[in-house]
Amino acid sequence: MKKLLCTVLSTVLAISSAAALNMSAYADSANTQQVSYNYWYNSSTGYTDENVHTRQMEKLDRGLIAIKTDGGVYLSWRLFDSEDNIFGSADKNVSFNVYRDGKKISEVATKTNYVDSTVGTNYSVAPVINGVEGEKCDAVTVYNNSYFDIPLSKPDDETIYDPSGNELATYSFFPADCSTGDVDGDGEYEIIVKWTSSERDVGSPGDPAYSGTVHLAAYKLDGTKLWKNDIELGKNVYSSAHTVQFLIYDFDGDGKSEVMCQTSLGSKDGQGKYVSNAAQTDEEIKAITDEENSTADYRGYGRITEGKEFLTVFNGETGVAMDTINLPTTRGSENGVDYGDDFGNRSNRFVSDIAYLDGEKPYAIYLRGYYFGRNGKQRTSIAGISWDGTALSPTYRFDTQKGQEGYYDGAYQYVGNGNHNCTVADVDNDGKDEFITGALCMEVNDDNEFRPKWCTYLQHGDALHIGNYDPTHTGFEFFTVHEDSGTNSLSGNDITLDFGMSVIDAETGNIMFHEGASDDTGRGVMADVGASGYYQIWSAKNSARQSNGGTDFTTATSLTGRNTPSMNFRIFWDGDLYDNLLDGANITDWNGRNMSNIFSAGNYDCVSINGTKANPSLQADLFGDWREEVVYPTTNGMALRVFSTTDTTDYKIKTLMQDPVYRSGVAAEQTAYNQPPHVGFYMGKEVFDTRTLTSIAVTTQPT
Ligand code: CA
Ligand code: CA
Ligand code: CA
Ligand code: CA
């Protein structure tokens with residue numbers, strides 16, 4: 001333990017100097033900031049300074065929230081990466097002066113929440129470093145509840161006609177997945193909501209198979225609606241969780257998040273203009289007339305298997321389309337048959353996330369196609385697309401199909417290895433993000449090629465999680481469940497598949513633990529709920545296991561049988577360092593015997609979304625301290641209700657949004673079968689037990 005303390009201490013001192021040497025920037029903006037990360041924690045070596053990387057990310061405000069509770073007023077605010085001397089780049093401890101109605105009431109040194117037993121009108125906080133007070137944040141008023149509402153403007157009901165003009169049905173819109181970014185650069189997150197009226201599964205769309213349409217709309221947390229009109233994707237973009245992927249991120253580094261989404265003929269931006277008009281470099285797209293936009297109908301008998309497919313970047317503040325290009329991950333041959341069928345199922349399977357592929361700037365990753373086909377064909381196409389403020393560029397390409405951009409001899413062996421979700425992390429600690437979708441991990445290699453880093457060939461699955469839970473194993477543990485059985489021989493070796501669940505070393509692709517099952521293993525979680533071991537894994541077809549470090553997994557008897565925990569999201573809600581679990585509208589906590597309910601959005605007239613997948617619209621560290629907020633639609637779909645915990649915590653941790661793995665996880669939440677974001681750094685209690693000593697030692701260093 002002593003060695004660990006020394007290592008942590010010296011590391012904290014070293015982080016800021018290493019960070020200064022390793023600065024990266026892709027645009028010069030006052031609205032961005034450098035953020036550090038060090039995921040290479042190991043129980044014997046602690047953190048070491050050469051493993052620190054930095055990157056440019058969005059700049060956030062203090063995020064102070066004040067909520068009236070039985071005990072007075074609960075206050076909670078952000079710690080920045082630059083103020084965190086354990087997980088961030090700070091070399092000094094930061095405390096905070098707390099102000100009620102302009103008068104200082106406390107100095108808080110060890111946490112970023114505070115309960116004022118007197119109920120004031122407004123509150124603000126200011127950081128204090130070495131006795132010097134920094135900038136006080138704007139004063140906030142007190143919420144009467146642990147939630148606030150964003151009232152929504154629901155789109156009008158829509159009547160769906162088939163291509164011959166026969167009326168099929170009339171549908172009402174309901175808020176679905178949300179995502180977040182700071183679209184106006186004021187340091188506060190906005191919420192982008194996806195509206196669906198009749199969303200279909202491209203695999204089993206029902207009859208008739210015509211979907212409703214999709215709208216996107218943006219709101220500030222105070223309820224202000226941005227954009228003149230909703231972005232309307234129109235009838236030529238199929239409304240399916242597998243198809244519509246929308247990414248919110250500051251791609252060009254100007255401090256304001258953009259919106260990126262697939263579009264087609266008929267898609268309109270936030271000013272009501274067809275997105276094809278916004279094409280900057282593609283003259284053919286730019287030449288498309290309004291007449292062609294308004295009349296084009298690619299729906300055939302329902303699912304879309306033909307016609308134009310675009311990718312559009314929108315200004316997040318105004319909704320204005322800024323560039324439109326042909327979707328780099330092409331449908332290819334007629335009806336998308338190269339993906340495995342001719343009826344628009346396998347060719348309409350997408351996932352997306354954000355990755356700093358080159359270590360310098362964020363790329364939108366769009367993956368298309370992850371199944372083996374029913375017609376003897378299969379294809380996976382992946383693009384890494386940048387936006388520089390002027391044009392979209394599909395810089396990085398990978399394709400398993402000969403003749404397609406990104407194909408190379410040997411690429412075909414990687415077909416069929418994608419999940420209904422994806423995750424991003426710098427798994428080999430070289431400063432560049434990798435992109436993992438199920439059985440396949442992609443990287444930009446030393447030759448600047450976008451290539452598989454590893455592949456387990458275990459094919460397709462429905463759930464995945466990444467984390468840094470095991471301090472005896474350097475780097476990330478990656479968990480996934482499997483839908484396939486049989487043998488995959490495309491690598492040249494016979495790989496046996498038997499469903500079940502696996503923990504995989506995210507750097508090497510080596511399987512640390514695998515347990516088969518008798519059937520499609522459709523759900524699974526990796527989390528540390530505090531029960532036993534470093535962390536626990538369980539699935540719909542496998543009993544819970546606990547990790548005892550490395551490849552040592554034993555049955556977690558306390559989590560089996562009647563006590564089997566939910567299998568959906570993990571979340572930080574209460575004040576300890578363990579994961580809570582979220583399923584539907586409920587959050588549960590390990591109480592020493594089983595998981596017990598500690599929050600139910602259903603008690604506040606809210607519902608979960610996505611049917612049996614039962615997610616919140618959004619889970620993210622939107623404001624306040626490092627605990628996560630959840631957003632659910634109200635039962636009538638007329639508002640988003642944003643919930644905050646009011647539990648206090650003794651732990652002082654930087655905002656999770658300045659942790660790159662977590663931030664990419666939030667960006668990916670909207671994708672297909674939603675998965676929760678995970679934190680990239682190791683959060684074991686022993687790291688914090690060194691804090692007091694570290695803080696004292698560091699602040700007495702000569703400056
Ligand atoms: Ca904002
Ligand atoms: Ca931007
Ligand atoms: Ca890497
Ligand atoms: Ca929070």
Got a sec: does the NZ of Lys613 have more than 12 other heavy atoms crowding it under 6.0 Å?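 Yes, enclosed.
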
Centroid-to-centroid, [X] to [Y], below 6.0 Å?
X	Y	answer
Tyr578	Trp590	no
His460	Tyr370	yes
Phe643	Phe599	yes
Tyr469	Tyr534	no

Any heavy-atom pair between the side chains of Gln670 and Ser352 that's under 4.5 Å? yes

Is the ring pair Tyr147/Tyr604 parallel, tilted or perpendicular, if the boundaries are 30 and 60 degrees? perpendicular

With under 30° as parallel and over 60° as perpendicular, where do the rings of Phe148 and Phe623 fit, or are they tilted in between? tilted

What side-chain donor-acceptor pairs closer than 3.5 Å can you find for residues 659-669, not counting sequence neighbours?
| residue | atom | partner | partner atom | Å |
| --- | --- | --- | --- | --- |
| Asp659 | OD1 | Tyr39 | OH | 2.5 |
| Asp659 | OD2 | Tyr662 | N | 3.3 |
| Asp659 | OD2 | Gly680 | N | 2.7 |
| Tyr662 | OH | Asp621 | N | 3.1 |
| Tyr662 | OH | Glu628 | OE1 | 2.7 |
| Arg663 | NE | Glu58 | OE2 | 2.6 |
| Arg663 | NH2 | Thr180 | O | 3.2 |
| Ser664 | OG | Ile354 | O | 3.0 |
| Ser664 | OG | Pro660 | O | 3.4 |
| Glu669 | OE1 | Gln619 | N | 3.0 |

Under 3.5 Å, is there a donor-acceptor pair linking the side chains of [X] and [Y]?
X	Y	answer
Asn417	Gln459	no
Asn419	Asp462	no
Ser36	Asp81	yes
Glu629	Ser644	no
Asn568	Asp583	yes
Asn468	His678	no

Mark yes or no: Arg55 above the aromatic ring of Tyr356, with NZ or CZ under 6.0 Å from the six-membered ring centre and no more than 45 degrees from the axis. yes

Should Phe499 and His482 be marked as a ring pair (Phe, Tyr, Trp, His ring centres under 6.0 Å) after you check the CA-CA gap, both sets of side-chain angles, and the distance that decides it? CA-CA 5 Å; Phe499 310 110; His482 309 288; 9.3 Å; no

Is the backbone of Thr560 close enough, under 3.5 Å, to the side chain of Trp538 for a donor and an acceptor to pair up by distance?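 Answer holds: no.
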
